[in-house]
Amino acid sequence: MSFNVAIDGPAGAGKSTVAKAVAKEMGLIYVDTGAMYRAMALYMLREGVNLRDTAKIAEKSTRADITIRYEDGVQVVCLNGENVNAYIRTEEVGEAASVTSPVPQVRENMVRLQKALAAGSDCIMDGRDIGTCVLPKAQLKIYLTASSDVRAKRRYDELTAKGESCDLQQIKADIEDRDYRDMHRELSPLKQAEDAVLVDTSHMSQEEVISEIKNLCRQAREK
Ligand code: DC
């Protein structure tokens, strides 16, 4: 049986940075499920679909073939055969993914793909519904979070370091909107699984978080 670690939590909690680092050190594959939902959202944006039109999103989603492969340990997301890694990291695509991901037809396909990946390999998978829905039997579940003030400040620092001008209050408002949508949707909303370990990173450094999660992984593997 493969060893599976599920990490869920709100946007900007640092899930992907931590999961990537832990995956490397523990010899696990890192599966970034947000990237799959982002690829689907990119498809809808490129097709000019009205994001309020749920029926259209459902219909169009059947024409977006999303697959994953690994190149030197890096996850490559393909949309109808095209590597779209370079196009899915924008705020626009992230926002759109938060709107298109609640559509049942979108989730069904993604969840099927995610379950198959986890069944075939030792992995650490991050997202919103991994512990509650995709991998309910994962050997370790973590709910990684931080206050919206801290998450907004981290994002602000990231953007300003890249030379982009941005407004801290606006970033915080966007993060809170996204939290609300991800937590209040009907299908697989973001919530802490009953058996998940809560890690609040508001007052922790990245190194501390990585070290804590590595310890949790080691303990779970030894069981
Ligand atoms: O983690 P992220 O910011 O890349 O995710 C983008 C959006 O995708 C997020 O707002 C909600 C959605 N998502 C989801 O519904 N389920 C997942 N397992 C992962 C992401």
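Nothing fancy with the numbering, it's 1 onward along the sequence. Start at 1 and go down the list; that is how both ligands and their atoms are numbered.
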Closest contact, heavy atoms only, L140 versus A220 = CB-CB, 3.9 Å
Where do V93 and R38 come nearest, in terms of heavy atoms and distance?
->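 It is CG1-O, 3.4 Å.
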Could you tell me whether R128 sits above the aromatic face of Y37, with NZ or CZ closer than 6.0 angstrom to the six-membered ring centre and within 45 degrees of the axis?
-> no
Quick check on contacts: which atoms of ligand 1 are under 4.0 angstrom from a heavy atom of [X]?
| X | value |
| --- | --- |
| R185 | 14 (C), 15 (O), 16 (N) |
| S101 | 11 (C), 12 (C), 15 (O) |
| R38 | 2 (P), 3 (O), 4 (O), 6 (C) |
| A97 | 6 (C), 7 (C), 8 (O) |
| T33 | 17 (C), 18 (N), 19 (C) |
| D182 | 9 (C), 10 (O), 11 (C) |

Does A118 offer a backbone N or O that forms a donor-acceptor pair with the side chain of N4 under 3.5 Å?
-> yes
Over 12 foreign heavy atoms within 6.0 Å of OH, Y70 =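 It does: Y70 OH has more than 12 such atoms within range.
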Ionic contact status for R107 with D129, cut-off 4.0 Å = yes
May I ask you to say whether D157 pairs ionically with K153, meaning some side-chain N is under 4.0 Å from a carboxylate O?
-> yes
CD1-CD1 distance between I142 and I130, expressed to the nearest 0.5 angstrom =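 With rounding to 0.5 Å, CD1 (I142) is 13.0 Å from CD1 (I130).
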Do me a favour and list the nearest non-hydrogen protein atom to [atom] with residue, atom name and distance?
| atom | result |
| --- | --- |
| atom 16 (N) of ligand 1 | R107 NH2, 3.1 Å |
| atom 8 (O) of ligand 1 | Y37 CB, 3.6 Å |
| atom 5 (O) of ligand 1 | R128 NH2, 3.6 Å |

Give the contacting part of R178 toward ligand 1: side chain, backbone, both or neither, where contact means a heavy-atom distance below 4.0 Å.
-> side chain
Would you check the N or O atoms of D126, main chain and side chain alike, for any that come under 3.5 Å of an N or O of ligand 1?
->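 It does not: no N or O of D126 is found under 3.5 Å from an N or O of ligand 1.
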